[in-house]
Amino acid sequence: QVIGGAGLDVDFSLESPSGLLLVSESRRSDGAHTVEPTEAGDYKLCFDNSFSTISEKLVFFELIFDSAQEEEEEEEEEEEGDGWVEAAEPEDTLDVKIEDIKESIETMKSRLERSIQMQTLLRAFEARDRNLQESNLGRVNFWSAVNLGVLVVVAFLQVYMLKSLFEDKRTVRT
């Protein structure tokens, strides 16, 4: 997401380690992409501002590595079972309860991490909007000052012109 700079747009591309172009976008201000890593290696991520050599851009990006496979495996393990409950020793029950607590803590941790990622993304949107508002405020203040200056000059010219209309330029003889 482009959060600062003129135009608020950049070109974006993503290449696989073998050089295959996975994602290519032109002059976008924001975007979200999901890519399945099909091959091992370094993926190339490029933000290109070469079409606008005069203005610089401020870009926010975040890489999220989703562990959806682990969650699917956990769900499959929960579904497995033959429905037969054996009598367990108290120590075994304690171990099972500790494992359940550990699993719930890990689930809570992953959900909190996703919440943090979403809040970071929302902060990026807010930063882009704040930068845009600040630049608009600067423009509004500048043009307001120019209009105020023109207004004051016109007011003085009108007063001068009115005074000159009522001036008596004849000499008075006494």
Side-chain angles (χ1 to χ4, degrees), residues 1-83 95-151:
Q1 177 181 12
V2 182
I3 59 176
L8 296 177
D9 57 350
V10 294
D11 294 342
F12 171 76
S13 64
L14 178 66
E15 291 183 10
S16 69
S18 63
L20 179 66
L21 187 64
L22 300 174
V23 177
S24 178
E25 291 185 338
S26 289
R27 298 190 179 184
R28 296 279 309 260
S29 63
D30 58 4
H33 305 284
T34 303
V35 177
E36 293 293 327
T38 56
E39 53 187 292
D42 294 334
Y43 286 76
K44 295 177 185 175
L45 180 70
C46 178
F47 296 98
D48 185 13
N49 190 32
S50 61
F51 62 86
S52 175
T53 57
I54 296 173
S55 64
E56 61 183 31
K57 308 283 171 68
L58 180 61
V59 177
F60 167 81
F61 72 97
E62 181 178 23
L63 297 175
I64 300 173
F65 298 102
D66 193 12
S67 59
Q69 295 174 348
E70 294 174 8
E71 292 174 5
E72 291 174 2
E73 291 173 3
E74 288 176 7
E75 290 175 5
E76 289 174 6
E77 289 174 4
E78 291 174 4
E79 292 173 0
E80 292 177 1
D82 54 5
D95 288 339
V96 170
K97 288 181 181 178
I98 290 174
E99 290 299 319
D100 290 343
I101 292 171
K102 284 182 181 178
E103 286 179 20
S104 65
I105 289 174
E106 287 297 320
T107 303
M108 191 180 315
K109 179 183 175 190
S110 67
R111 289 180 181 167
L112 285 173
E113 287 173 350
R114 286 185 186 214
S115 296
I116 290 170
Q117 291 170 348
M118 288 305 296
Q119 288 176 350
T120 304
L121 185 63
L122 291 174
R123 248 183 275 136
F125 282 122
E126 185 267 334
R128 180 187 67 183
D129 293 343
R130 186 175 2 98
N131 285 341
L132 187 61
Q133 288 175 349
E134 287 175 359
S135 68
N136 287 343
L137 176 67
R139 280 189 230 135
V140 167
N141 285 339
F142 171 74
W143 287 110
S144 295
V146 168
N147 284 329
L148 181 65
V150 168
L151 184 71

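Sequential numbering from 1 along the given sequence is applied to the chain's residues. What you see is a predicted model, and the numbers here were worked out from it, not measured in a lab.
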Exercise. Looking at residues at least two apart in the chain, or sitting in another chain, which of them share a side-chain hydrogen bond (donor to acceptor under 3.5 Å, both in side chains) with Asn131?
Worked result: none
For this session: Scan for ring pair (Phe, Tyr, Trp, His ring centres under 6.0 Å) pairs involving residues 5-24, sequence neighbours excluded, and state none if there are none.
Result: Phe12-His33, Phe12-Phe47
Exercise. Taking only residues two or more places apart in sequence, or in another chain, which ones meet Glu126 in a side-chain hydrogen bond (donor to acceptor under 3.5 Å, both in side chains)?
Worked result: Arg130
Exercise. What distance separates Leu45 CG from Ser13 OG, expressed to the nearest 0.5 Å?
Worked result: 7.5 Å
For this session: Could you grab the distance from atom CG of Leu22 to atom CD of Glu36, nearest 0.5 Å is fine?
Result: 11.5 Å
Exercise. Which heavy atom of Ser104 sits nearest a heavy atom of Ile101, and at what distance?
Worked result: OG-O, 2.8 Å
Problem set entry | Partners passing side-chain hydrogen bond (donor to acceptor under 3.5 Å, both in side chains) against Asp48 (at least two apart in sequence or in another chain) | Ser50
Problem set entry | Qualifying residues under ring pair (Phe, Tyr, Trp, His ring centres under 6.0 Å), relative to Tyr43, sequence neighbours excluded | none
For this session: Indicate the atoms forming the closest heavy-atom contact of Pro17 with Ala40, along with that distance.
Result: CG-O, 3.7 Å
Under 3.5 Å, side-chain donor or acceptor atoms of residues 115-122 against the rest of the protein: list the pairs with distances, not counting sequence neighbours.
unit_1: Ser115; atom_1: OG; unit_2: Arg111; atom_2: O; d: 3.1
unit_1: Thr120; atom_1: OG1; unit_2: Ile116; atom_2: O; d: 2.8

Exercise. So which pairs with a foot in residues 136-148 pass side chain to side chain donor-acceptor pair (under 3.5 Å), sequence neighbours left out?
Worked result: Asn136-Arg139
Problem set entry | Separation of Ile105 CD1 from Leu112 CG (nearest 0.5 Å) | 11.5 Å
For this session: Would you indicate whether the side-chain heavy atoms of Asp11 and Ser26 approach each other to under 4.5 Å?
Result: yes
Seminar exercise, completed: Residue set satisfying salt bridge (charged side-chain N to carboxylate O under 4.0 Å, His left out) with Glu25, at least two apart, ordered chain then number -> Arg28
Exercise. Partners of Glu113 by side chain to side chain contact (heavy atoms under 4.5 Å, CB included), sequence neighbours excluded?
Worked result: Lys109
